[in-house]
Amino acid sequence: MDVLDALAAACPAGGARRAEPGDAVDGVVPRVVARPAGIPELSSVLSAAADAGLAVVARGNGTKLDWGLPPTTLDLVVDTTAMAGVVEHTSGDLVLRALAGTTLAEVQSLLASHRQWLPLDEVVPGSTLGGVVATALSGPGRHTYGGVRDLLIGVTAVRADGVVAHAGGRVVKNVAGYDLAKLFTGSYGTLAVLGELVFRLRPLPVARRFVQHVVPPAELSAALGALRRAPAAPTALELARRGDGPYVLTVLLEGRPGPLEARAAELAGQLGRPERSDEVAPPTWGALPGACTLKVTAPLAALPGLLDVAGRAAVAAGVAADLRAHPGVGTCLVGLPDDVVAVGEVLGALRRFLGGTGWATVLRGPREVRSTLDVFGPTPGLALMARVKAQLDPDGRLAPGRFVVAA
Amino acid sequence: MDGGGVGAVADRLRARLGPEVLVRDPVELATYECDGLGHLRAQPGLVVLARDRTDVAAAVTECARAGVPFVARGAGTGLSGGALPRADGVLIVLAKLRRVVEIDLDSERAVLEPGVANLAITQAVAADGYRYAPDPSSQQVCSIGGNVAENSGGAHCLKHGFTANHVTGLEIVTPDGGTVRLGGKAVDPPGYDLLGAFVGSEGTLGIATEVTVRLVRSPEAVQTVLAGFADTDAAGRAVAAIVADGLLPAAIEMMDALAVTAAEAAVACGYPSGAGAVLIVEVDGPAGEVAADVAEVESHCLAAGAFELRRAEREADRAQVWKGRKSAFAAVGRISPDYLVQDGVVPRTALPEVLAGITRLGAEHGIRVANVFHAGDGNLHPLVLFDADRPGELEAAEEVSHQILALCLAHGGSITGEHGVGVDKATAMPSMFSADDLDTMQMLRCAFDPDQVCNPGKIFPTPRLCGEAPGRRRGVHPLVEQGLAELY
């Protein structure tokens, strides 16, 4: 039987078709696309792919296919968009179970009617839950709510050989078995294809206030120190700087309208009068800067120095950096133009500055940039990771070459 | 692997590390026969009292070389037998590794040796307005290394999370004796989240020799409400109303009449007399928010039928409120000669039904069950009371305990919320996970520990043979069935 026939037989409801140029994953065109309509079909598709020895990349809405590295080989794209929908939401349990192809936006709109939310910022509009988990994508709210790894409490995934595996569960508190949900989070589809995801939820805050302060570079460390000791207890912080301009610090406060005003006033006492105070987020909130984005993580105390190094290295390379940092989390996004030499120089400067105390990676950017540079950099534990990959995907057929392990 | 067994390992370690780190005397070995799960005991073949990471790596290397299984032990407070030793193996004790390596308040991290007690972390930073958030009830003695192994929770994990949410870095000795650093003070190292997979792996993927944890600011205000209700149904209605209102307390704890009676007898905690259920709700955060939240918590309690309400704002008053709850496990000794502690989880909305089911089970078997639980996250700790001297009672208690887990699973819950699987619940794993699920989990095990020398026999009822090609497989492996392969 022809591969396409086998795949079509494996997912009668969702269907399979020959690939078109638009199906390319980071420039690599597959032979076929299958669109399983649920986990049983996903399992059949991956079984058929195993029988035929196909290299597979899972794709949701395709919003982050230019992340990581291009697949070294690709036969089949598994389109997860027909595997969508909320399976279970009991608002009293603050838990949501949904298929991986469901979009984050759809989930948030359903939850909002219950005055709840999945506390993940929509960093890349249109993202599916599967895509968010596969790239461990979170925004400024991680400061209080944790990242994807902290919110994902259960997973159903399909292995390269088509076997369906569950880990975790549907309750927030659960320590039975290995936490494969964390292993799969941020694994770029290289260990298994995500089928169903269970998240813990939060009540929506009654009120939100985004307070913005302008901070001269020389005063940054002092301002962050004051903020850390402030009883105002921010939900999230975002620090932005474009080129050699001043830092713009956005503080998100959440709570009840009355106490919230008092906390905002306290904050003004520490940081001075705010430039802007609004109920809605500024447009830059949580967004990825630049045509090419570096993601840097560092010990919190090293962040002001790191921002300084990033800015200076960009200037030295003849470009302007668009910086976004989350000072309570220890992450910094460095937005740069599509200029492989400049990006390489900034990346190198950041890695030298960190010296192993943190990590600088190319999160996304034009293919030329990513294929030229060392996207992930030095990876502690790489040998162990290769063994994990070899166990779960011994033939190296899931998103080969897309992530840290070459196979 | 060169064989030779425990004796060979002892000889080599004596030569490498000196005799003072080894325990082989049978009387001394008896100290290490069990952890907090006291009814399962085994005398270890050899105990290594490690002084530092070098000792740990040496012990693991020699075990790997000889193919001898090893088990790590911290403070020995685990309740699922995760540190149960093996007669044919080595017990590596980490209690002497108690150095606080670094407190870095500017980066909000502490770097610790694995034997540091959980509470000691908070004590080291409290004066600066910081704390380490996870607070298991045994926090005065339990070690951070043990917390990492078990992914320990505590009463306040409802809002503040578990160990896994607070560990950012580990140095581990892998089962082949090598050392690997996962993460550090910074988050998100590139690659797979092996750190996340390691936390909660119950000592089966290696031994943590250094732990980096997040330090968090102590909240500006903390207030605790104690409410007395006629029965657990009424208290349960209060919990549901609090959650439905969008409040997220730091902790919501419930005790039923029997548990309250026991606590009263043990520590005179002064809970509302005649209460069929007591609720402890703790709220923390900015002062203004806390005041408003507490007022709403109290009004929900009253609406659900609370007949007595107390608010504790001062530290001493809060300690008094928590005294009864924290002593509950030990306190049941006052009302029963023996008891089993269970640790199941159900979705919060299933609590009333499951509590009714537990009452029914107790009545059917003529066994009393005291209920103490984290009502906010549905984590039940039924204390199944019995008298071992009365024939048949132990068996009946075990049956009730077993049935309670089945009840939890039937409602979509878990067999363990914080105590771990260990040896205690390994046989219950197939009732929660399919053979394929367990097989997949063990692929991770095989990546870390292909020879299965690292705490074998824990978590999984049947080990996976790491050499085989992955694929569909169910039940006992044919090689095992034919007696051609040995299972640890």
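Throughout, protein chains are lettered first and strands after them, A, B, ... in sequence-line order, and every chain is numbered starting at 1.
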Passes salt bridge (charged side-chain N to carboxylate O under 4.0 Å, His left out), Asp377(B) versus Arg200(A)? Steps please.
CA-CA 11 Å; Asp377(B) 45 32; Arg200(A) 63 183 307 179; over 6 Å; no
What part of [X] is in contact with chain B, defined as an atom under 4.5 angstrom from a non-hydrogen atom: side chain, backbone, both or neither?
| X | value |
| --- | --- |
| Ala167(A) | both |
| Pro378(A) | backbone |
| Arg97(A) | neither |
| Thr379(A) | both |
| Val175(A) | both |
| Ala181(A) | neither |
| Glu88(A) | neither |
| Val95(A) | neither |
| Leu224(A) | neither |
| Arg229(A) | both |

Heavy-atom check, side chain of [X] versus side chain of [Y], under 4.5 Å:
| X | Y | answer |
| --- | --- | --- |
| Phe162(B) | Val172(A) | yes |
| Leu444(B) | Gln391(A) | no |
| Thr440(B) | Leu392(A) | yes |
| Asn165(B) | Asp150(A) | yes |
| Val164(A) | Asp437(B) | no |
| Arg159(A) | Asp439(B) | yes |
| Val199(B) | Asp179(A) | no |
| Arg228(A) | Asp106(B) | yes |

Between [X] and chain A, which part of the residue has a heavy atom less than 4.5 Å away: side chain, backbone, both or neither?
| X | answer |
| --- | --- |
| Glu150(B) | backbone |
| Val187(B) | both |
| Asp128(B) | neither |
| Arg445(B) | both |
| His419(B) | backbone |
| Met441(B) | both |
| Thr174(B) | side chain |
| Val239(B) | neither |
| Leu158(B) | backbone |
| Phe460(B) | side chain |
| Ala244(B) | backbone |

Counting distance only, does the side-chain N/O of [X] pair as donor-acceptor with the main-chain N or O of [Y] below 3.5 Å?
| X | Y | result |
| --- | --- | --- |
| Asp436(B) | Ala165(A) | no |
| Ser187(A) | Tyr192(B) | no |
| Arg217(B) | Pro231(A) | no |
| Ser107(B) | Ala301(A) | yes |

Note: vs chain A, highest number of non-hydrogen pairs under 4.5 angstrom among Gly378(B), Gly246(B), Ser80(B) is Gly246(B)
About how many Å separate [atom2] of [Y] and [atom1] of [X], when rounded to the nearest 0.5 Å?
| X | Y | atom1 | atom2 | value |
| --- | --- | --- | --- | --- |
| Asp188(B) | Thr361(A) | CG | OG1 | 8.5 Å |
| Thr357(A) | Lys185(B) | OG1 | NZ | 8.5 Å |
| Arg109(B) | Leu300(A) | CZ | CG | 5.0 Å |
| Arg348(B) | Leu94(A) | CZ | CG | 5.0 Å |

Residue selection (most heavy-atom pairs with chain B, distance under 4.5 Å) from Lys173(A), Glu266(A), Arg387(A), Met385(A)
Lys173(A)
Greatest number of non-hydrogen atom pairs under 4.5 angstrom with chain B, of Ala50(A), Gly169(A), Gly177(A), Gly377(A), falls to Gly177(A)
So that I can tick it off, tell me whether Arg256(A) and Glu296(B) are bridged by a salt bridge, with the cut-off set at under 4.0 angstrom between side-chain N and carboxylate O.
yes
Please report whether the ring centroid of Tyr178(A) lies less than 6.0 Å from that of Phe433(B).
no
Nearest heavy-atom approach of Glu289(B) to Pro259(A) is OE2-CB, 3.5 Å
Can you list the steps and then say if Leu183(A) with Leu194(B) is a side chain to side chain contact (heavy atoms under 4.5 Å, CB included)?
CA-CA 6 Å; Leu183(A) 185 68; Leu194(B) 298 185; 3.9 Å; yes
Checking Asp343(B) now: which residues fulfil salt bridge (Lys or Arg N to Asp or Glu O under 4.0 Å) with it, not counting sequence neighbours?
none
